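The structure appears below as structure tokens.
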Amino acid sequence: MSEKTASLNFIEQIIEDNLEENPGLKVHTRFPPEPNGYLHIGHVKAICVNFETAKKYGGLTNLRFDDTNPTTEDTEFVDNIKKDIKWLGYDWEDREYFASDYFGKLYEFARKLISKGLAYVDDSTPEKIAEEKGSPGTPGVENEYRNRSVEENLDLFERMKNGEFPDGSRVLRAKVDMASPNMLLRDPLMYRIKHEHHHRTGDEWCIYPMYDFAHGQSDAIEGISYSLCSLEFMHHRPLYDWFIEKLEIYPSRQIEFARMNVAYMITSKRKLKKLVEDGLVTGWDDPRMPTISGMRRKGFPAAALRTFCDKVGVAKRENVIEIDLLESCVRDELNKTTARVMAVLDPVKVVITNYPEDKVDEMVAVNNPEDESMGSRIIPFSRELYIERKDFMEDPPKKFFRLGPGRNVRLKNGYIINCTDFVKDDNGIVTEIRCTYYPDSKSGEDTSGIKAKGVLHWVSAGHAIKAEARLYNHLFTDETPTAHEDRDFMEFFNHESLEVLPAIYVEPSLKEVSPGTQLQFMRNGYFCVDSTSSPEKLIFNQTVNLKSRYKPKK
RNA sequence: AGAUGCGUAGCAUAAAUGGUAAUGCACCGGAUUUUGGUUCCGGGGAAAACAGUUCGAUACUGUUCGCAUCUUCCA
């Protein structure tokens with residue numbers, strides 16, 4: 001049902017205008033991926049726009065694989081694409097289609113056009129065809145094949161289908177207008193010969209329809225009322241409409257919107273593939289990749305991706321969205337849903353000199369202050385702890401609310417401690433910090449009256465589990481690595497995009513944590529248990545850091 | 001150069017029969033806080049340019065400028 005929102009995007013305005021004239025109109029959209037690669041952040045937008053628009057008006061969305069080019073497509077991709085869309089939270093139910101299912105119908109459509117004198121077989125070489133098309137400024141020229149008889153065209157086209165001609169020797173073209181200022185109307189190719197094995201139709205066909213003679217027709221066959229696509233197809237629309245008119249089929253309507261670009265991310269399948277093939281990333285699901293599988297492995301929640309698309313909106317302007325917005329959506333979601341735990345990424349030992357050696361306190365820790373229903377857990381506190389190395393300074397400035405000689409600090413869910421001394425090695429590196437604790441300052445039952453501005457996270461040295469953490473930075477050092485005419489995008493590859501911390505310490509409650517689990521490492525950021533993690537070797541991926549208002553002076 | 005589309009704060013998206021513009025993120029400040037998180041309060045900052053119509057234009061018209069796309073037997 002159409003929910004009442006304050007503002008409509010331009011597509012919704014078109015739909016509501018149509019609905020006003022024709023109240024019975026069904027809103028039916030489709031998501032049409034080509035199964036030749038993995039879905040990425042750009043597809044997320046397309047998926048959201050198509051599914052959400054239909055949902056808003058009580059309509060349906062089909063999943064249709066646009067598999068008209070056997071050279072690059074494969075079933076392997078089909079399964080991954082389906083998995084990604086489902087994970088994102090969208091359901092196409094039983095409406096799963098393939099353009100290749102329509103090859104028979106498409107062939108008949110082509111014959112119909114030939115019969116109407118609106119399509120012809122061209123024997124020219126690709127070079128000649130390109131040359132005859134002219135350029136945007138100058139009209140193209142009509143060649144000798146353009147006026148073949150309907151009978152000859154029908155015969156030739158059938159023989160193309162029957163495999164009588166080699167690849168590239170002939171094509172079927174629509175007879176539109178060789179002088180059109182729109183290059184796509186200069187007798188566009190409808191069919192080409194490719195003696196290739198198709199992932200679904202096998203060797204049944206050796207002629208395959210081009211995008212322009214498959215997409216719109218598939219839309220019509222499925223009764224798609226709104227074919228929502230990206231701006232680059234704008235020039236195809238006159239052709240899209242031309243085929244519908246001449247074929248006299250269901251008048252699907254194409255509406256173009258601007259694709260989404262996100263700073264520091266790239267969405268070219270070819271370029272993404274190069275990163276994988278060159279071994280710069282570990283695979284399509286490397287957490288640094290802008291693929292859905294990569295973002296999932298990194299710990300981005302599907303809900304955050306959907307919110308992100310909603311906040312970005314839909315328009316026709318070229319755009320590059322700042323990555324802060326995406327990360328903000330991720331934090332917002334994770335803040336509500338994740339358990340807080342303590343993990344020390346860069347440990348330095350703290351010894352509490354007035355705490356008995358064999359004593360262990362059981363401290364109560366709230367799992368999520370945002371959600372009481374998530375309960376609490378017990379964590380051990382003992383004489384030797386680890387804290388974050390950067391939480392101690394030998395000679396701290398005033399605004400440093402952490403530990404320093406003589407200073408008090410609250411250990412989260414623990415006691416207030418006072419730094420009495422510290423030990424350095426020959427290189428001047430601090431190896432141990434000595435403190436005393438205030439026994440009456442225990443968290444939750446503090447009667448000490450002592451004030452401590454800073455709060456630190458910690459783990460008990462004798463109980464903590466050693467684990468690995470992987471921190472990620474932007475994959476590229478430039479916001480738009482592919483937008484430089486004079487430079488290759490690989491020049492901007494960030495060789496420091498992955499930072500592995502082989503020996504962090506996490507609290508013992510994480511011992512059996514399973515892959516995919518999302519957590520907040522207090523004061524350190526949101527982390528996700530990697531898909532390759534095991535109890536023997538825990539691996540955590542940093543999803544996103546926490547915001548911080550602490551700005552140390554330079 | 002030809003055609004088409006687009007140009008609202010740093011980014012993105014809105015609203016307004018034509019009546020000096022709002023929201024989110026970012027940024028700055030403050031309050032709260034046993035996460036320098038969260039939450040709350042406040043702040044600065046925008047109509048590409050010019051001309052025309054008009055009492056009044058960011059919205060209409062025109063010109064200019066800028067950006068994008070199109071000349072794959074890819075989609």
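For the numbers below, each heavy atom of this structure counts, side chains included, while hydrogens, waters and symmetry mates do not. A, B, ... follow the sequence lines: proteins, then strands. Residue 1 opens every chain. Owing to the predicted nature of the structure, the values given are computational and were not obtained by experimental measurement.
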Ring pair (Phe, Tyr, Trp, His ring centres under 6.0 Å) involving A:Trp284 - partner list, sequence neighbours excluded: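 For A:Trp284 the ring pair (Phe, Tyr, Trp, His ring centres under 6.0 Å) partners, ignoring immediate neighbours, are A:Tyr38.
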### Test ring pair (Phe, Tyr, Trp, His ring centres under 6.0 Å) applied to A:Phe392 - qualifying residues, sequence neighbours left out
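A:Phe392: ring pair (Phe, Tyr, Trp, His ring centres under 6.0 Å) contacts with A:Phe422.
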Given atom [atom1] of [X] and atom [atom2] of [N], what is their separation to the nearest angstrom?
{"X": "A:Leu325", "N": "B:rG24", "atom1": "CG", "atom2": "P", "result": "12 Å"}
{"X": "A:Phe10", "N": "B:rA15", "atom1": "CZ", "atom2": "C1'", "result": "18 Å"}
{"X": "A:Ile11", "N": "B:rU13", "atom1": "CD1", "atom2": "C1'", "result": "14 Å"}
{"X": "A:Lys311", "N": "B:rG24", "atom1": "NZ", "atom2": "P", "result": "9 Å"}
{"X": "A:Leu305", "N": "B:rC25", "atom1": "CG", "atom2": "P", "result": "18 Å"}
{"X": "A:Lys551", "N": "B:rA26", "atom1": "NZ", "atom2": "P", "result": "11 Å"}
{"X": "A:Asp177", "N": "B:rA3", "atom1": "CG", "atom2": "P", "result": "15 Å"}
{"X": "A:Lys269", "N": "B:rA75", "atom1": "NZ", "atom2": "P", "result": "11 Å"}

Determine the Euclidean distance between corresponding [atom1] atoms of [M] and [N]; express it in Å to zero decimal places.
{"N": "B:rC73", "M": "B:rA16", "atom1": "P", "answer": "46 Å"}
{"N": "B:rG10", "M": "B:rA48", "atom1": "P", "answer": "13 Å"}
{"N": "B:rA57", "M": "B:rU38", "atom1": "P", "answer": "44 Å"}
{"N": "B:rA47", "M": "B:rA9", "atom1": "C1'", "answer": "10 Å"}
{"N": "B:rU61", "M": "B:rG44", "atom1": "C1'", "answer": "36 Å"}
{"N": "B:rG30", "M": "B:rC6", "atom1": "P", "answer": "45 Å"}
{"N": "B:rG45", "M": "B:rC55", "atom1": "C1'", "answer": "30 Å"}
{"N": "B:rA51", "M": "B:rU13", "atom1": "C1'", "answer": "30 Å"}

Distance flag, aromatic centroids of A:Tyr415 and A:Tyr437, threshold under 6.0 Å: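 A:Tyr437 vs A:Tyr415: aromatic centres under 6.0 Å.
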_A:Gln13 side chain near B:rA14 phosphate (N/O to OP1/OP2, under 4.0 Å)_ =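 For B:rA14, neither OP1 nor OP2 has a side-chain N or O of A:Gln13 closer than 4.0 Å.
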- Query: Where each residue is assigned the nucleotide of RNA chain B containing its nearest heavy atom, which of A:Lys316 and A:Pro32 is assigned the position nearer the 5′ end?
  - Reply: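 By nearest-heavy-atom nucleotide position, the 5'-most residue is A:Lys316.
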With side chain to side chain donor-acceptor pair (under 3.5 Å) as the criterion, how do A:Asp122 and A:Asn143 come out once you've worked through the C-alpha distance, each side chain's angles and the decisive distance to 0.1 Å? CA-CA 9 Å; A:Asp122 191 328; A:Asn143 68 24; 2.8 Å; yes
request  = On the 0 to 90° scale, with breaks at 30° and 60°, tag the A:Phe157-A:Tyr107 ring pair as parallel, tilted or perpendicular.
outcome  =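 Correct class here is parallel.
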[X]: which residues meet the side chain to side chain donor-acceptor pair (under 3.5 Å) condition with it, sequence neighbours left out?
{"X": "A:Ser230", "value": "A:Glu232"}
{"X": "A:Asn413", "value": "none"}
{"X": "A:Asn367", "value": "A:Arg377"}
{"X": "A:Asn368", "value": "A:Arg340"}

Going 5' to 3' through nucleotides 64-74 of chain B and flagging B where a protein heavy-atom sits under 4.0 Å of the base, S where only the sugar-phosphate is that close, and - otherwise, we get ----SBSBSBS
Reading nucleotides 31-39 of chain B from 5' to 3' and marking B where a protein heavy atom lies under 4.0 Å of the base, S where only the sugar-phosphate is that close, and - otherwise, the string is B--BBBBS-
Which residues pass the side-chain contact (heavy atoms from CB on, under 4.5 Å) test with [X], sequence neighbours left out?
{"X": "A:Ser376", "result": "A:Val364"}
{"X": "A:Asp74", "result": "A:Glu76, A:Phe77"}
{"X": "A:Ala179", "result": "A:Pro139, A:Asp177"}

Runs of at least three consecutive pairs that involve RNA chain B, where pairs are Watson-Crick or G-U with distances under 3.5 Å
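Ordered by first number, the stems with RNA chain B (at least 3 consecutive pairs each) read B:2-7 with B:65-70, B:10-13 with B:22-25, B:27-31 with B:39-43, B:48-52 with B:60-64.
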Select one nucleotide: of B:rA14, B:rA12, B:rA75, the one nearest the side-chain heavy atoms of A:Asp66.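 Given the options B:rA14, B:rA12, B:rA75, the side chain of A:Asp66 is closest to B:rA75.
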Exercise for the section: Report yes or no: do A:Glu327 and A:Tyr526 form a side-chain donor-acceptor pair below 3.5 Å? Expected result: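 Absent: no donor and acceptor within the cut-off.
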